J.: 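My questions all concern the structure below.
This is a predicted model, so every value here is computed, not measured.
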Amino acid sequence: MNATTTTQAVRLHQNFTAEIAEERLICEVPVALVYNGISHTVMMCTPTDLADFALGFSLAEGILDSPSQLYGLDIVKQANGIEIQLEIASRAFVALKEKRRSMAGRTGCGICGVEQLEQVSQCKILPKSHRLQGVDPTILDGCLAQLEQAQQLAHQTGASHAAAFFSPEGKLLAIREDVGRHVALDKLLGWHANAGQPLGFVFVTSRASFEMVQKCLACGIEMLCAISATTEMAVKLAQQLEFSLLAFTRKGRTTVYSGGHRVNGVASG
C-alpha cells in the first residue's frame, strides 16, 4: 500500500458562508504484526515504510536480538487493514511466546501491555556505548531547519509526527513520519538497523518519554533530541545509563538533561 494520504471533500464555513473545499487527511490504518503465523499486536499506523517499522519495533521490543533473526517479511493488504507477516528465528519465536504479553490495541509505547510492574525495568537495553562524542550544539539549529523542510506528510496534513537521524556533524541521513510518534521512531530504528547502525543521533518532533529513550537504548543509539518536553522517568533512565537526552530543542536553545559529555561545552552528567 503506497498511499500515504487521502483527499476528501469537506464542507467549510468561511466568513459565515458554506463553501466546498478539498483537504488532505493522513491515513491511519490497522497494521497487524504476525510472527511465524501468530498475530502478536495490532497498531494504528500510516502505511509507509512498513518494513522499517516491523524491524524497528521487533528490535526495540526485544523480540529480535539482531536483524539477522528476521528471515523474511511480507506486507499483505487485507480488507480491513494490513498484515506484516514476519518469519523469525525459532529461538526468537520461542522467547516471544514465553513473554505472555497481552498487547492488542496498545498505543505503541515500550511498556504498555506488560503484565507486571517489575517488567518495566526488564526492557531490552544494550550495554553502555560511548562512540558518539563531541557533538557541537550549534548544529542543532541546522538540524531543526532540515527536519522542518523534510516533513512532507506534516506539510500536507498537519497530522504527523517525525523521527529523524542525523550524523554527528548535523547532516540529515533519514526521516520517517507517522500519525503515531512511537511508530515514527520504530520506522527510523528499522532504517538504522538496515543501514548498519551509523553513528549519530535521533531528533523527534514530539516529547521524549521513557519508552522513546528505551527504544533508542535498545537499538544502540546514544543520543535523543526532542522538540518538546521530557519526563522524570525518561531522565532517570538516561542518567542511569549515561544516555544523552536533550529536550525543548528549539531555535537557539536546548536543555541537556543527561549525557552532557557527548555535547561540546556541556559539563559531564
Side-chain angles (χ1 to χ4, degrees), residues 56 59-60 109-110 121 123-151 154 161-177 181-182 184-193 195-269:
L59 292 169
C109 72
S121 61
C123 297
K124 174 192 171 186
I125 293 174
L126 294 180
K128 295 176 185 177
S129 175
H130 297 283
R131 294 192 305 147
L132 182 64
Q133 300 289 338
V135 176
D136 190 337
T138 62
I139 70 171
L140 296 179
D141 281 358
C143 294
L144 273 168
Q146 293 176 76
L147 181 58
E148 168 64 24
Q149 184 176 9
Q151 292 178 66
H161 287 290
F165 195 84
F166 289 89
S167 73
E169 298 76 30
K171 179 181 178 182
L172 178 62
L173 300 183
I175 185 170
R176 295 292 183 267
E177 293 181 88
R181 60 192 178 96
H182 297 94
L185 179 57
D186 284 333
K187 289 177 177 179
L188 186 71
L189 295 177
W191 165 86
H192 184 255
Q197 295 187 317
L199 191 62
F201 59 93
V202 170
F203 209 134
V204 295
T205 60
S206 63
R207 67 185 182 273
S209 49
F210 169 86
E211 62 274 17
M212 299 188 83
V213 172
Q214 181 270 324
K215 283 175 179 289
C216 289
L217 283 163
C219 294
I221 290 169
E222 301 175 53
M223 179 170 159
L224 172 65
C225 294
I227 286 178
S228 190
T230 186
T231 67
E232 179 188 16
M233 193 171 182
V235 172
K236 285 182 177 179
L237 178 64
Q239 291 176 343
Q240 176 188 353
L241 295 169
E242 300 177 10
F243 179 81
S244 295
L245 176 59
L246 288 67
F248 293 118
T249 306
R250 309 290 175 84
K251 186 175 181 180
R253 62 159 293 185
T254 190
T255 303
V256 181
Y257 288 89
S258 176
H261 58 281
R262 294 189 179 89
V263 183
N264 288 344
V266 177
S268 179

J.: Considering only heavy atoms from C-beta outward, does the side chain of Leu172 approach that of Cys143 to under 4.5 Å?
T.: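 SC-SC contact between Leu172 and Cys143 ruled out.
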J.: So does Phe243 get a backbone contact from the side chain of Ser258, meaning a donor-acceptor N/O pair under 3.5 Å?
T.: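 Such a contact is found between Ser258 side chain and Phe243 backbone.
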J.: side-chain contact (heavy atoms from CB on, under 4.5 Å) with Ala163: which residues, sequence neighbours excluded?
T.: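 Only Ala184, Leu185, Leu188, Val204 meet the side-chain contact (heavy atoms from CB on, under 4.5 Å) criterion with Ala163.
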J.: Do Ile227 and Phe203 touch side chain to side chain, with heavy atoms closer than 4.5 Å?
T.: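 A side-chain contact exists here, since the closest heavy-atom pair is under 4.5 Å.
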J.: When rounded to the nearest 0.5 angstrom, what distance separates SG in Cys216 from CG in Leu245?
T.: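 These two atoms lie 9.5 Å from each other.
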J.: Parallel, tilted or perpendicular: which fits the ring planes of Phe166 and Phe201, with parallel below 30° and perpendicular above 60°?
T.: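 Ring orientation, 0 to 90° scale: parallel.
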J.: Kindly state each residue pair satisfying salt bridge (charged side-chain N to carboxylate O under 4.0 Å, His left out) with at least one member in residues 235-257, sequence neighbours excluded.
T.: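 Listed once each, the pairs are Lys128-Glu242, Glu232-Lys236.
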J.: Scan residues 141-150 for pairs that pass side chain to side chain donor-acceptor pair (under 3.5 Å), counting only residues two or more places apart or in two chains.
T.: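 Every candidate side chain to side chain donor-acceptor pair (under 3.5 Å) pair involving residues 141-150 fails, so no pair, neighbours aside, qualifies.
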J.: Measure the CG-SG distance between Leu144 and Cys225 for me, rounded to the nearest 0.5 Å.
T.: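 The SG atom of Cys225 is 8.5 Å from CG of Leu144, to the nearest 0.5 Å.
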J.: Provide the full list of salt bridge (charged side-chain N to carboxylate O under 4.0 Å, His left out) pairs with a residue in residues 163-174, sequence neighbours left out, each pair given once.
T.: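 Qualifying pairs: none.
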J.: Please round to the nearest 0.5 Å and tell me the distance separating atom CG of Leu199 and atom CZ of Phe165.
T.: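 That separation rounds to 7.0 Å.
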J.: Only counting residues at least two apart or in another chain, list the ones meeting side-chain contact (heavy atoms from CB on, under 4.5 Å) with Ala145.
T.: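 Per chain and number, Ala145 pairs via side-chain contact (heavy atoms from CB on, under 4.5 Å) with no residue.
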J.: How about Pro168 and Leu132: do any of their side-chain heavy atoms sit closer than 4.5 Å?
T.: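 Counting from C-beta outward, Pro168 and Leu132 do come under 4.5 Å.
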J.: Please name all residues satisfying side-chain contact (heavy atoms from CB on, under 4.5 Å) with Ala195, sequence neighbours left out, ordered by chain then number.
T.: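 Residues passing side-chain contact (heavy atoms from CB on, under 4.5 Å) with Ala195: Trp191, Pro198.
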J.: What's the spacing between Cys219 SG and Lys215 NZ if we round to 0.5 Å?
T.: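 Going from SG on Cys219 over to NZ on Lys215, the span is 8.0 Å.
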J.: Which residues pass the side chain to side chain donor-acceptor pair (under 3.5 Å) test with Thr249, not counting sequence neighbours?
T.: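 Checked Thr249 against side chain to side chain donor-acceptor pair (under 3.5 Å); matches are Thr254.
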J.: Write down the atom of Gln133, the atom of His130, and the distance for their closest heavy-atom approach.
T.: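 Minimum heavy-atom separation between Gln133 and His130: NE2-O, 3.1 Å.
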J.: Begin from the C-alpha positions of Leu246 and Leu140 and carry the test side chain to side chain contact (heavy atoms under 4.5 Å, CB included) through to its verdict.
T.: CA-CA 11 Å; Leu246 288 67; Leu140 296 179; 4.0 Å; yes
J.: Rounded to the nearest 0.5 Å, what's the gap from CG on Asp186 to NE2 on His192? Could you check?
T.: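 Rounded to the nearest 0.5 Å, the CG-NE2 separation comes out at 14.0 Å.
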J.: Scan for salt bridge (charged side-chain N to carboxylate O under 4.0 Å, His left out) pairs involving residues 255-264, sequence neighbours excluded, and state none if there are none.
T.: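 As it turns out, the salt bridge (charged side-chain N to carboxylate O under 4.0 Å, His left out) pairs with a partner in residues 255-264, which skip direct neighbours, are Glu222-Arg262.
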J.: Among residues at least two apart in sequence or on other chains, which ones pass salt bridge (Lys or Arg N to Asp or Glu O under 4.0 Å) with Arg181?
T.: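 So Arg181 forms a salt bridge (Lys or Arg N to Asp or Glu O under 4.0 Å) with Glu211.
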J.: Would you please name every residue forming a side-chain contact (heavy atoms from CB on, under 4.5 Å) with Thr231, sequence neighbours left out?
T.: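 Partners of Thr231 under the side-chain contact (heavy atoms from CB on, under 4.5 Å) test: Ser209, Met233, Ala234.
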J.: Keeping the roles fixed (side chain from Thr205, backbone from Ala162), state whether a donor-acceptor pair exists under 3.5 Å.
T.: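 Yes.
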J.: Measure across Ala247 and Ala229 and return the closest heavy-atom pair with its distance rounded to 0.1 Å.
T.: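 Heavy atoms of Ala247 and Ala229 come nearest at CB-C, 4.0 Å.
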J.: Measuring only between side-chain heavy atoms, which start at C-beta, is Leu59 closer than 4.5 Å to Leu189?
T.: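 A side-chain contact is absent here, since even the closest heavy-atom pair is not under 4.5 Å.
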J.: Once side chain to side chain donor-acceptor pair (under 3.5 Å) is applied, do any residues pair with Thr138, and if so which ones, sequence neighbours excluded?
T.: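 Partners of Thr138 by the side chain to side chain donor-acceptor pair (under 3.5 Å) criterion, ordered by chain and then number, come out as Asp136.
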J.: Strictly by salt bridge (charged side-chain N to carboxylate O under 4.0 Å, His left out), give each pair with a member in residues 201-210 just once, sequence neighbours left out.
T.: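 Listed once each, the pairs would be none.
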J.: On a heavy-atom basis, which atom in Ser206 and which in His161 lie closest, and how many Å separate them?
T.: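 Looks like CB-ND1, 3.8 Å.
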